[in-house]
Amino acid sequence: MNCLKVCKNNIFMVTERIQHSILYIDDEEHNLTSFNSTYRRDYEILLATSGHMGLELMEHNDIHLVITDQRMPEMTGIEFLERIVPLYPDCIRMVMTGFSDMEAIIQAINIGRVYRYITKPWNRDELKITIDQALEVFHLKRQNKNLIEDLKEANRNLEQKVIERTRQIEQQTINITDSIHYASRIQSALLPPAEELDTLLPSYFILNKPKDIVSGDYYWVSHKNNKMFVAVADCTGHGVPGAFMSIMGINFLNEIVNKSEIIRANEVLNELREQLIKSLRQKGEKDEAKDGMEMALCVVDFDSKKLQYSGAFRPMYLVRNKELNIFKGDSMPIGIYNEEEISFSNKEVQFKENDIIYMFSDGYVDQIGGPNRKTYRSRKFKQLLIDIHQKPLEEQKALLEKEYEEWRRDIEQIDDIMVMGIRFSKV
C-alpha cells in the first residue's frame with residue numbers, strides 16, 4: 001500500500017515507486033492531502049508546502065511533472081517555475097490558478113513556459129486526462145533527447161549511420177506533429193461539446209476547417225438568464241499563434257458572461273477588448289504588434305424573439321424567405337486600434353420562425369480557386385447561402401464544404417475557415 005511519510009522541513013513523500021513522478025506544491029496541506037489521496041495509485045507523488053521545499057525535492061529526484069499553486073508566500077508558483085526552467089528543461093510544468101488570474105497565466109506562459117494552467121477547483125477526471133497528456137509529452141521529449149544523442153553517434157559513424165539518422169529525423173518530425181495534435185485536443189476541449197450545443201441551439205451547423213492542425217478561428221456559445229450568447233471569431237494569424245489567441249478569447253468571454261450582468265452584445269465586445277489590450281500590454285505604439293481578433297457576436301432572447309448583434313469587422317447575415325439581410329460589424333478590431341477607442345455598436349432585430357443567421361470568418365470568401373484562380377468573394381458566398389438556406393442544416397454544411405473543395409481544387413488552403421448557421425425553429 002502507499003503510505004505518506006513526513007520528512008524534514010515538512011516535505012511530504014509517498015513511498016511506493018510508480019513509473020511517472022509528479023511534484024505537487026501548495027502551501028495549504030489539505031490540498032496536498034486531497035491531491036495525494038486522489039492520484040497516489042496512479043503515479044509516484046511528491047508533495048511540498050513551498051517553492052524552496054520543491055527545489056530541494058527536485059535536486060534529489062527525477063521529476064517528470066510539476067504542478068504548482070500560483071499564490072504562495074515567499075515564492076509564487078511563477079517564480080518557482082522560472083527557477084526550474086534552466087535547471088530541468090525536460091520537466092513538464094503546470095500552474096494552478098483561477099480565471100481572475102489571467103495576468104498570472106500570461107506571465108506563466110512567457111516566463112515559466114507552462115504546458116497548461118489548471119483552474120480551481122479542479123475536477124478529478126479532467127485533471128487526470130490533462131496529467132496523462134502532459135506525461136505523454138514528457139515521454140516524447142525524453143525520446144527526442146535520446147534521438148539527438150543517437151544523431152551525434154550517427155555523425156561519428158558517418159556513412160554507415162546515414163539510414164539510421166534519416167529514420168530518427170523522420171520520427172522526430174512525427175513526434176513534433178503529435179505534440180501539436182495534443183495541443184489541438186486541448187483547444188477542442190475548450191469549445192462547447194456537441195451535447196451542450198444541442199441543448200442550447202435549436203438547429204445549427206458548424207463548418208470548421210483549420211488551415212493547420214490548430215486554428216485561429218473559433219466559435220463560442222454560452223447561456224445565462226434565459227439568453228443565449230453565440231460568437232464566431234477570427235484571431236490574428238493561424239496555427240499555434242492563432243490558437244493561443246483563441247484560448248485567451250474563450251476564457252475572457254466565459255469570464256465576462258459568468259461574472260457580470262452584461263446582457264448587451266456590444267458591451268461584451270467592449271469588455272473583451274479592454275481585457276485583451278490589458279493582457280497583451282498594448283499601448284498603441286508605432287512598432288507594436290497589432291494582435292487581436294475579429295468577431296460577430298449575438299445575444300438571443302428566445303422568449304421575446306429578439307436578437308442583438310455586435311461585430312468587430314465580422315458581419316452577420318440573416319436570411320428570411322430567400323432574402324438576405326446584412327448586419328455589418330464596426331470597422332475596428334477587438335484589440336488596440338489607431339483611432340480613439342469608441343464603443344462597438346449594438347443592433348437589434350425581431351426574428352421569426354425559420355429565420356436563419358450565418359456568422360463566419362473571412363477564410364471561405366478569401367480562398368483562391370476557380371478557373372481563373374481568384375478569390376471566392378462575398379457576392380458569390382451570399383448567393384450560395386440564399387440558394388441553400390431552406391435545406392436541412394447538415395445538408396447546408398455538406399454543400400458549403402463541397403462548393404469550397406470544388407472551388408479550391410489543387411490550390412493550398414490559405415486561411416482557417418469557420419462558418420456557423422443557426423435556424424430559429426421549434427425543437
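Along the sequence shown, residues are numbered consecutively beginning with 1. Computation of the quantities below employed the complete heavy-atom set of this structure, encompassing side-chain atoms and omitting hydrogens, waters and symmetry-equivalent molecules.
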Would the distance check show the side chain of Asn270 and the main-chain N or O of Ser343 forming a donor-acceptor pair, the cut-off being under 3.5 Å? no
Do you know which of Glu44, His20, Lys141 makes side-chain hydrogen bond (donor to acceptor under 3.5 Å, both in side chains) with His64? His20
Spacing of OG1 belonging to Thr33 relative to CG belonging to Leu47, to within rounding of 0.5 Å: 7.5 Å
Quick one: are Val230 and Met359 in side-chain contact, heavy atoms under 4.5 Å? yes
Are the side chains of Val299 and Arg264 in touch, meaning some heavy atoms are under 4.5 Å apart? no
Assess whether side chain to side chain contact (heavy atoms under 4.5 Å, CB included) is satisfied between Asp27 and Glu74, documenting all intermediate values. CA-CA 10 Å; Asp27 60 322; Glu74 299 181 2; over 6 Å; no
Cys91 vs Met58 side-chain heavy atoms within contact, under 4.5 Å: yes
Decide side chain to side chain contact (heavy atoms under 4.5 Å, CB included) for Lys128 and Asp132; before the verdict, give the C-alpha distance in whole Å, the side-chain angles of both, and the deciding distance to 0.1 Å. CA-CA 6 Å; Lys128 177 69 165 59; Asp132 287 342; 2.7 Å; yes
Find the distance between CZ (Phe138) and CD1 (Ile22) and round it off to the nearest 0.5 Å. 11.0 Å
Could you report the tightest heavy-atom contact between Phe344 and Ala312, atom names first, then the distance? CE2-CB, 3.6 Å
Donor-acceptor contact below 3.5 Å, side chain Trp407 vs main chain Gln367: yes
Just by distance, do the side chain of Glu196 and the backbone of Val221 share a donor-acceptor pair under 3.5 Å? no
Provide the closest heavy-atom pair for Lys402 versus Glu406 in the form atom of the first, atom of the second, distance. NZ-OE2, 2.7 Å
Would you say Ser310 and Val268 make side-chain contact, with heavy atoms under 4.5 Å? no
Assess whether atom CZ of Arg408 is packed by more than 12 heavy atoms of other residues, nucleotides or ligands within 6.0 Å. yes
Quick one, Tyr204 and Leu393 - any side-chain contact, counting heavy atoms below 4.5 Å? no
Step by step, work out the side chain to side chain contact (heavy atoms under 4.5 Å, CB included) result for Leu197 and Ile206. CA-CA 10 Å; Leu197 290 176; Ile206 298 171; 3.8 Å; yes
What is the minimum heavy-atom distance between Gln413 and Lys211, and which atoms define it? O-CE, 3.2 Å
Quick check for you: to the nearest 0.5 Å, what is the distance between Glu136 atom CD and Gln143 atom CD? 9.5 Å
Do Phe381 and Phe360 make the cut of ring centroids closer than 6.0 angstrom? yes
As an exercise, state the distance from CG of Leu207 to NZ of Lys397, rounded to the nearest 0.5 Å. 6.5 Å
Between Asn36 (side chain only) and Leu32 (backbone N and O only), is there a donor and an acceptor less than 3.5 Å apart? no
Side-chain heavy atoms of Phe205 within contact of Glu395, under 4.5 Å: no
Residue His139 excluded, over 12 heavy atoms near NE2 under 6.0 Å: no
Drop me the distance from Met72's CE to Ile25's CD1, to the nearest 0.5 angstrom. 5.5 Å
Would you say the side-chain atoms of Arg423 pair up with the backbone N or O of His389, donor to acceptor, closer than 3.5 Å? yes
Of the non-hydrogen atoms in Gly363 and Asp415, which two are nearest, and what is the gap between them? CA-CB, 4.1 Å
Quick check: does any side chain N or O of Asp26 sit under 3.5 Å from a backbone N or O of Glu28, one acting as donor and the other as acceptor? yes
Closest non-hydrogen atoms of Gln275 and Ile256, given as atom of the first, atom of the second and distance, are NE2-CG1, 3.7 Å
Heavy atoms, side chains only, cut-off 4.5 Å: are Glu267 and Gln308 in contact? no
Go through the side-chain N and O atoms of Asp69 and Tyr24 and say whether any donor and acceptor fall under 3.5 Å apart. no
Taking all non-hydrogen atoms of both residues, which atom of Ala134 and which atom of Leu65 are closest, and how far apart? CB-CD1, 4.1 Å
Output, in order, the C-alpha distance, side-chain angles, deciding distance and verdict of side chain to side chain contact (heavy atoms under 4.5 Å, CB included) for Phe424 and Val300. CA-CA 10 Å; Phe424 298 110; Val300 183; 3.8 Å; yes
Between Leu384, Thr375, Asp416, which is the residue that forms a side-chain contact (heavy atoms from CB on, under 4.5 Å) with Tyr364? Leu384
Verify the distance criterion only: is there a donor paired with an acceptor across the side chains of Lys224 and Ser222 at less than 3.5 Å? no
Should His223 and Thr199 count as side-chain neighbours, where that means a heavy-atom distance under 4.5 Å? no
Below 4.0 angstrom, N of the basic side chain to O of the carboxylate: do Arg142 and Asp62 qualify? yes
Check ion pair Asp301-Lys227 (N to O, under 4.0 angstrom): yes
Counting distance only, does the side-chain N/O of Gln70 pair as donor-acceptor with the main-chain N or O of Thr76 below 3.5 Å? no
Hey, could you give me the OH/CD1 distance between Tyr404 and Ile417, rounded to the nearest 0.5 Å? 3.5 Å
The side-chain hydrogen bond (donor to acceptor under 3.5 Å, both in side chains) partner of Ser361 among Asn208, Asp217, Asp234, Asp366 is Asp217
